[in-house]
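Whatever order the structure lists ligands and atoms in, that order sets their numbers, starting from 1. The figures here come from the full heavy-atom set of this structure, side chains too, leaving out hydrogens, waters and symmetry mates.
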Amino acid sequence: MTLEEKAGQLLQLNITTIFTDGQLDTAKLAEMVGVYKVGSFLNAINDQAQPHTVVADVIRKIQEVSLRELHIPCIYGLDEIHGSTYVSDGVLFPQEINLAATFNREHAAAMGRAIAYETRSALVPWVFSPVMDLGRDPRWPRMWESWGEDSYLQEQMAVAEVLAMQGPDPNHIDGEHVGVSIKHYMAYGAPWSGKDRTPAYLSPSDLREKYFRPFKSCIQAGALNMMINSASINGVPMHANKTLLTGWVKEELNWDGMMVTDWADIDNLYTREHVATDKKDALAMGINAGIDMVMDPYDPETAVQIRELVQEGRIPMARLDDAVRRILRMKVRLGLFNQPVWDNSGYAKTGGEEFRAQALAAALESEVLLKNEGGILPLRKGTRILVTGPNAHSMRTLNGGWSYTWQGVRADDFAKEYNTILEAVRNRFGEDCVTYATGVVYDDVEWEKDHAVGIDRAVAAAAGADVILACIGENSYCETPGNTNDLNLSENQRQLVRALAATGKPVILVLNEGRPRILGDIEPLAKAVVDIMLPGNHGADALAMLLSGDANFSGKLPFTYPRHINALHNYDYKVSENVATMGGLYNYDAVMDVQWPFGHGLSYTEFAYSGLKVSQESFQAGDTLSFEVTVTNKGQVAGQESVLLYSSDLVASLIPDVKRLRQFTKVSLAPGESTVVRLEVPAKELAFVGADGKWRLEAGDFRIAVGSESLMIRCTQTKVWDSPNID
Ligand code: BGC
């Protein structure tokens, strides 16, 4: 390959660079590929989802020109985030935060298989998914894109999805699978300010132990590509962090995959972060740190600058060759050299019943019953229901961002055939039983005037109802537009709920939101609360089934729901952190003052735990601990229960986390039925990264808790690992 051809492989442009007036511009395509030798494009045609056949037609033309000009196929990438974001005839699942609430790896796998299949049907072989930033801060506007706040849950769900998307052999991806981009490496979800793309400051232990782990496991599961976090850690922008890019990933894990920047993030090294003087300085910095492909959406001159940098000796030829090899290797692994395009006439499952049923099943297990005072739910058939609130009649809010468009703003046009909450409740309870009043709306510039009218109407409508379903939360958003200065639920929605509660009619809150918005004074006014998060196109049907008792709740929170604005905690806090929000200073036994804890979720039945046992009470690092616990359905209806096992290291050389999730599984039980659940935990899973940066499993006592049961086990010998990774 010539130097120009090599440099061009490193560049990924936005599809807008080859479009004019909404149409593929063949002259521009010829220029980008023929002159600049560009090897990759991304994004939705005309910024919105298109039928798979329309996407495929564009890809065919790009491949035709790429093969003619370069004899190398192009690699096209799409953000397929919770199903087929940009394939309009595909299926949208619940968002990742919902799938995490299922605590059921099979739902992550099902979504992965559907995404891969439908994306392939559009002739696209690469998706920028899954998102696996730990969503540990609800101020961060991308929390819902990830699998919640726990590192182990994040890892388990992401690995399941990666394996499902890439299929059995990552070296030979077949026609029903795609290459993944695990993103955004790493700690994007931990901004100090809570705002998108802003600096994180993290302890080296947490970085290695919690943030790195899900990425490491996905790489070990064969992930072909990773996208880099746009922000910085401890003052070093990730795009310039050679230790974390080349050192931790490419060298330590011996990974031969490919690293792509996020959107224009090389530019950000000089325009925003001020660690580089100009574009060329930034390019050299990033590529020498380990970046292989530069997502530089609008500037083909980037390819020229990369070539110049190599000629000037500022990027070694060996580094360029390594990056090119990684890109070409990925193209080979995706089968693009054998089949740059393929016959896509047979993808009959795209948008079909199978994937729709899976999306509904996932939604059913993902919606979380947080409160059910006096067993007000399920609602009997014949109950007269007032459906109200800004989320009551909106496909946009059910789906959130990355739904047909980036911000999800056009979901009501695209998803007409699916049901809003109002429509689904009407379908299930009958037209005659359901009335509707908007209450308040989002984005209302005159809300001061209008909301009072809306609230009055809703209050008037409540007179004829037995129960009020107040559908509240957030409108759709994504990335920086979702930044917020106030995590409290908006004041107009709180006013609506207060006014409705004052009618004396029981209020059920349906929370439709990407992150926990603080409910302040309105939670006590509600008899029941259901957090449906962002359940996708089938989410309202699932909700109606759950509200009516035709299905049972089994979701559990994959994050901590805060009660106070200045007390944003995670479940794996340090005991000494607790005093900040606790009743009683230095009360080590006090319970964290949160609205609802991680793992909370009610059911229409009751599960009892008994007889927790362990295979061995004392252990060493090489052992695998096997736990058994009996779970019994003590209620009158069938249900599913996620069984979560936690460990607590009682004394350690670094302040231990109060508890950590180590294993989970899900069981289905008929009324009265019992089952023995077995959970295995390799003892080395109980290790932590110490102050010296080394993994340590220290001798001493550990408490293991499953449901209401707990027992003690003892590590008899301290082990310190010399290697940076212990598996
Ligand atoms: C987002 C990424 C996304 C990329 C390409 C960026 O703004 O941070 O998650 O994959 O755009 O669309």
Side-chain angles (χ1 to χ4, degrees), residues 11-17 19 40-50 55 75-87 95-97 115 119 122 124-135 140-147 158 161-162 165 178-191 195-198 200 215 218 223-232 237-239 258-269 271-273 286 291-299 400-408 476-483 514:
L11 182 57
Q12 181 180 56
L13 290 176
N14 193 13
I15 190 170
T16 49
T17 58
F19 265 63
S40 181
F41 290 92
L42 84 152
N43 229 341
I45 296 167
N46 295 328
D47 293 324
Q48 64 181 37
Q50 306 285 346
V55 182
I75 180 171
Y76 201 95
L78 267 187
D79 286 286
E80 298 277 79
I81 302 297
H82 64 119
S84 286
T85 296
Y86 286 143
V87 177
Q95 297 278 0
E96 279 184 22
I97 196 73
I115 289 178
T119 310
V124 174
W126 181 24
V127 295
F128 304 133
S129 183
V131 177
M132 40 197 295
D133 309 306
L134 296 190
W140 184 53
R142 305 188 76 169
M143 182 177 171
W144 49 273
E145 285 186 55
S146 90
W147 314 92
E161 195 183 2
V162 165
M165 288 205 273
V178 291
V180 300
S181 182
I182 54 177
K183 71 184 191 184
H184 309 76
Y185 179 69
M186 76 178 154
Y188 184 12
K195 300 293 199 302
D196 190 40
R197 288 175 158 78
T198 60
F215 285 96
C218 283
L224 294 186
N225 175 255
M226 63 162 51
M227 188 185 291
I228 308 305
N229 166 13
S230 301
S232 59
M238 273 303 292
H239 283 76
M258 191 263 275
M259 286 181 176
V260 62
T261 72
D262 201 346
W263 192 265
D265 274 323
I266 292 293
D267 284 354
N268 286 330
L269 291 178
T271 57
R272 191 185 66 196
E273 306 291 15
I291 296 297
D292 301 307
M293 182 180 278
V294 181
M295 185 193 289
D296 203 317
Y298 306 113
D299 186 8
W402 295 121
S403 305
Y404 307 108
T405 62
W406 178 45
Q407 295 292 320
S476 77
Y477 57 86
C478 194
E479 300 181 36
T480 305
N483 281 341

Test item, R142 contacting ligand 1 (heavy atom, 4.0 angstrom): yes
Distance flag, aromatic centroids of Y404 and W402, threshold under 6.0 Å: no
The single option from M295, M238, R272, H184 passing side-chain contact (heavy atoms from CB on, under 4.5 Å) against D265: R272
Which value, rounded to the nearest 0.5 Å, describes the distance between [X] atom [atom1] and [Y] atom [atom2]?
{"X": "H239", "Y": "N229", "atom1": "NE2", "atom2": "CG", "answer": "7.5 Å"}
{"X": "Y185", "Y": "M227", "atom1": "OH", "atom2": "CE", "answer": "15.5 Å"}
{"X": "T16", "Y": "N43", "atom1": "OG1", "atom2": "CG", "answer": "7.5 Å"}

Got an N/O contact under 3.5 Å between [X] and ligand 1?
{"X": "E479", "value": "yes"}
{"X": "K183", "value": "yes"}
{"X": "H184", "value": "yes"}

I'd like to check which ligand 1 atoms, numbered from 1 as shown, lie under 4.0 Å from a non-hydrogen atom of [X].
{"X": "D262", "answer": "1 (C), 2 (C), 3 (C), 4 (C), 6 (C), 7 (O), 8 (O), 11 (O)"}
{"X": "R197", "answer": "1 (C), 6 (C), 7 (O), 8 (O)"}
{"X": "M227", "answer": "2 (C), 10 (O)"}
{"X": "L42", "answer": "5 (C)"}

Test item: E161 and I115 side chains (from C-beta on) under 4.5 Å apart, heavy atoms: yes
Nearest-contact summary for atom 5 (C) of ligand 1 - protein heavy atom, Å: D79 OD2, 3.2 Å
Check: E96/W147 side-chain N/O donor and acceptor closer than 3.5 Å: yes
